[in-house]
Amino acid sequence: MRGQYEELSCPFCDKGRIQAWYIPGAWSVKRTGRTSLPGTKTKHKSSDIWLIKTGCNLCGKSQEEIEKELKRKGVI
């Protein structure tokens, strides 16, 4: 499985470290027509995926609370 571990700071206390698994989006090419004429292919990128693995060990917030706050702030 492609991806890598990342460490993020806690969105609540900014001191704790959160472990997350990051999977970058991939590009794919799709045909839009039946012929192989130039210009009948389009590129699509799948979205990035973030999986939060731990909660904050300093402020005690759970994985779910941290994931919700990171999504609200637009970090993930």
**Student:** Just to verify, what does E6 make a salt bridge (charged side-chain N to carboxylate O under 4.0 Å, His left out) with, not counting sequence neighbours?
**Tutor:**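 So E6 forms no salt bridge (charged side-chain N to carboxylate O under 4.0 Å, His left out) with any residue.
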**Student:** What residue pairs, at least two apart or across chains, pass salt bridge (charged side-chain N to carboxylate O under 4.0 Å, His left out) with a residue in residues 46-56?
**Tutor:**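 Salt bridge (charged side-chain N to carboxylate O under 4.0 Å, His left out) check on residues 46-56 returns K45-D48.
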**Student:** How far apart are the closest heavy atoms of G3 and P24, and which atoms are they?
**Tutor:**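 Result for this residue pair: CA-CD, 4.5 Å.
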**Student:** Quick check: closest heavy atoms across A26 and R2, and the distance to 0.1 Å?
**Tutor:**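 Result for this residue pair: CB-NH2, 3.7 Å.
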**Student:** Going by the rule side-chain contact (heavy atoms from CB on, under 4.5 Å), which residues pair with S62 if we only count those two or more places apart in sequence or in a different chain?
**Tutor:**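 Only E64, E65 meet the side-chain contact (heavy atoms from CB on, under 4.5 Å) criterion with S62.
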**Student:** When hydrophobic residues are tied together by side-chain contacts of less than 4.5 Å, even through go-betweens, does I49 share a cluster with W27?
**Tutor:**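 No; W27 is not reachable from I49 via cluster members.
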**Student:** Pairs in or reaching into residues 51-76: which pass ring pair (Phe, Tyr, Trp, His ring centres under 6.0 Å), with residues at least two apart or in two chains?
**Tutor:**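 Qualifying pairs: none.
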**Student:** Just jot down the side-chain hydrogen bond (donor to acceptor under 3.5 Å, both in side chains) partners of Q63, sequence neighbours excluded, or say none.
**Tutor:**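 Listed in chain order: nothing, the list is empty.
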**Student:** Per the salt bridge (charged side-chain N to carboxylate O under 4.0 Å, His left out) rule, what does the pair list look like for residues 14-29, sequence neighbours excluded?
**Tutor:**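 Only E7-R17 qualify under salt bridge (charged side-chain N to carboxylate O under 4.0 Å, His left out).
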**Student:** What are the two closest heavy atoms between C10 and C59, and how far apart are they?
**Tutor:**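 Closest heavy-atom pair between C10 and C59: SG-SG, 3.7 Å.
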**Student:** When clusters are formed from ILVMFWY side-chain contacts under 4.5 Å, directly or step by step, what else is grouped with I18?
**Tutor:**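 Grouped by the 4.5 Å side-chain rule, L8, F12, Y22, W50, I52, I66, L70, V75, I76 form the rest of the cluster around I18.
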**Student:** For residues E69 and P11, report the shortest heavy-atom separation together with the two atoms involved.
**Tutor:**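 Nearest pair, atom of E69 first, then P11: CG-CB, 3.7 Å.
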**Student:** Any chance you could measure R72, atom CZ, to K68, atom NZ, to the nearest 0.5 Å?
**Tutor:**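 The NZ atom of K68 is 10.0 Å from CZ of R72, to the nearest 0.5 Å.
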**Student:** Once rounded to the nearest 0.5 Å, what's the spacing between atom CG of L58 and atom OG of S9?
**Tutor:**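 Interatomic distance, L58 CG to S9 OG, rounded to 0.5 Å: 11.5 Å.
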